[in-house]
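One is the number of the first residue; the rest follow in order along the sequence. Whatever order the structure lists them in is the order used to number ligands and atoms, beginning at 1. Just so you know, these numbers come straight off a predicted model, no measurement behind them.
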Amino acid sequence: MREGPPGTRKVLVTGGGSGIGLAVVEALLRAGGRVVVSGRRGERLDAVARAWPGQVVALPCDLASPSEREGLLERARAALGGLDGLVHSAGLAVHQLPGHISEEALRAQLEVNLVAPLRLGEEALSVLEEGGGMVFLTSTLASRPLPTSTIYSAAKAGLLAGMRSLALAGAGRRLRANAVCPGVVDTEMVRTPRLAPGETPPEGEALERRISEQLEALGALHPLGRLGRAEEVAEAVVHLLGAPWTTGSELVVDGGLLLRE
Ligand SMILES: NC(=O)c1ccc[n+]([C@@H]2O[C@H](COP(=O)([O-])OP(=O)(O)OC[C@H]3O[C@@H](n4cnc5c(N)ncnc54)[C@H](OP(=O)(O)O)[C@@H]3O)[C@@H](O)[C@H]2O)c1
């Protein structure tokens, strides 16, 4: 098989065990790349490694822990014998209205959505091979927040600004940093019921009904009339990883959501 462009050959994918991250992993592997998959749930990562023997190394890591995430890129490079790409797809969204934002949810969202990707990006500047690429997952909620997304929106907006700084810092070694900004995509992240303050989570059939109503309402917000699919976002991520003359940019893949008033 022909080798993909630099940035797509030996890649660390955080959040690679599910959703958009998993779709990125599969797209890279289909193109002949090799991948280190990371996330907290080791069994998910092992399942990916078993499905693609010889092409995947699983490195479990809690990115909210500074000591666990330190040196993750170096470990990925050692595991693959080199590293030319980083995709940060790990993310956490906790919907809470101001006045009801728990300290735990605030800290976890800032660590996983902002601090960890900036630290990984910083490490990538010295670990990635020249000409390599990094891609961060941002969100339409960064520029078009909800009343319940204060911390998530702030973290994703900060990540976008940090990505641009990394793009400048890496340019001397032809390292590229970019972002993909999805609308609402049908993954585990949006299959959690968004509860009003004090509301008890529904169970059984009521829970299923609530989630399917939530998905339908979210899909209808998009001018293109439906939720996104993880594979559609992954395609944009892989494109940017290997795009040799694109850096500091954000590619919006949102079914037209940001066009709405
Ligand atoms: N789905 C959407 O509508 C949407 C829209 C805009 C942006 N995004 C962004 O897209 C990215 C991917 O999300 P998704 O939709 O694919 O959701 P997902 O399936 O829930 O994926 C999130 C991933 O993050 C990992 N993760 C969470 N906390 C972690 C931690 N402390 N340490 C390490 N890994 C952690 C999870 O793995 P473990 O639980 O195993 O750790 C999981 O694989 C996220 O950055 C998200 O903010 C999603």
Side-chain angles (χ1 to χ4, degrees), residues 12-27 35-48 58-70 72 76 86-95 104-105 107-121 134-146 149 151-160 162-163 179-192 194 211 214-215 217-219 221-222 226-234 236-237 250-255 257-258:
L12 166 64
V13 182
T14 71
S18 70
I20 295 167
L22 178 58
V24 170
V25 167
E26 290 174 339
V35 175
V36 166
V37 277
S38 195
R40 287 166 304 180
R41 288 168 294 180
E43 68 285 1
R44 295 268 183 132
L45 311 178
D46 291 341
V48 184
L59 282 186
C61 173
D62 181 353
L63 288 171
S65 156
S67 60
E68 277 197 38
R69 69 178 179 240
E70 196 183 338
L72 182 63
L86 162 68
V87 176
H88 180 75
S89 188
L92 177 69
V94 184
H95 286 271
E104 189 191 0
R107 298 276 162 209
Q109 288 181 94
L110 290 179
E111 283 295 332
V112 178
N113 298 326
L114 180 63
V115 182
L118 296 182
R119 282 296 194 203
L120 295 180
M134 38 187 135
V135 176
F136 301 91
L137 271 296
T138 54
S139 169
T140 53
L141 291 176
S143 57
R144 198 67 69 83
L146 295 170
S149 71
I151 309 306
Y152 182 80
S153 293
K156 292 292 190 181
L159 174 58
L160 181 61
M163 175 279 287
V180 170
C181 173
V184 188
V185 182
D186 188 359
T187 66
E188 281 170 31
M189 185 172 273
V190 295
R191 287 178 170 266
T192 315
R194 296 182 184 178
I211 290 172
Q214 179 172 300
L215 294 177
L218 288 168
L221 295 174
H222 299 73
R226 63 167 173 84
L227 296 173
R229 301 184 184 106
E231 297 71 30
E232 292 166 332
V233 180
V237 171
E250 186 184 37
L251 179 48
V252 176
V253 183
D254 73 342
L257 187 57
L258 288 182

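- Residue contacts with ligand 1, taken as heavy atom pairs separated by less than 4.0 Å, do not involve A108 at all.
- For atom 2 (C) of ligand 1, the closest heavy atom belonging to the protein is V185 N, 3.5 Å.
- The shortest contact between atom 22 (C) of ligand 1 and any protein heavy atom is with G91 O, 3.7 Å.
- Checked by distance only, ligand 1 and L63 come closer than 3.5 Å through their nitrogen or oxygen atoms.
- Not one N or O on the side chain of S38 forms a donor-acceptor pair closer than 3.5 Å with the backbone of P60.
- Closest to atom 39 (O) of ligand 1 by heavy atom, among R69, R40, E111, H88, is R40.
- At a heavy-atom cutoff of 4.0 Å, ligand 1 is contacted by the side chain of T187 but not by its backbone.
- To the nearest 0.5 angstrom, K156 atom NZ is 13.0 Å from S143 atom OG.
- Within 6.0 Å of the CZ atom in R107, the count of heavy atoms belonging to other residues, nucleotides or ligands does not exceed 12.
- Counting heavy atoms under 4.0 Å from ligand 1, residue V184 touches it through both backbone and side chain.
- The protein non-hydrogen atom at the shortest distance from atom 16 (O) of ligand 1 is I20 N, 2.8 Å.
- Polar contact check, K156 against ligand 1: a nitrogen or oxygen pair lies under 3.5 Å apart.
- Closest to atom 8 (N) of ligand 1, if we only count protein heavy atoms, is Y152 OH, 3.6 Å.
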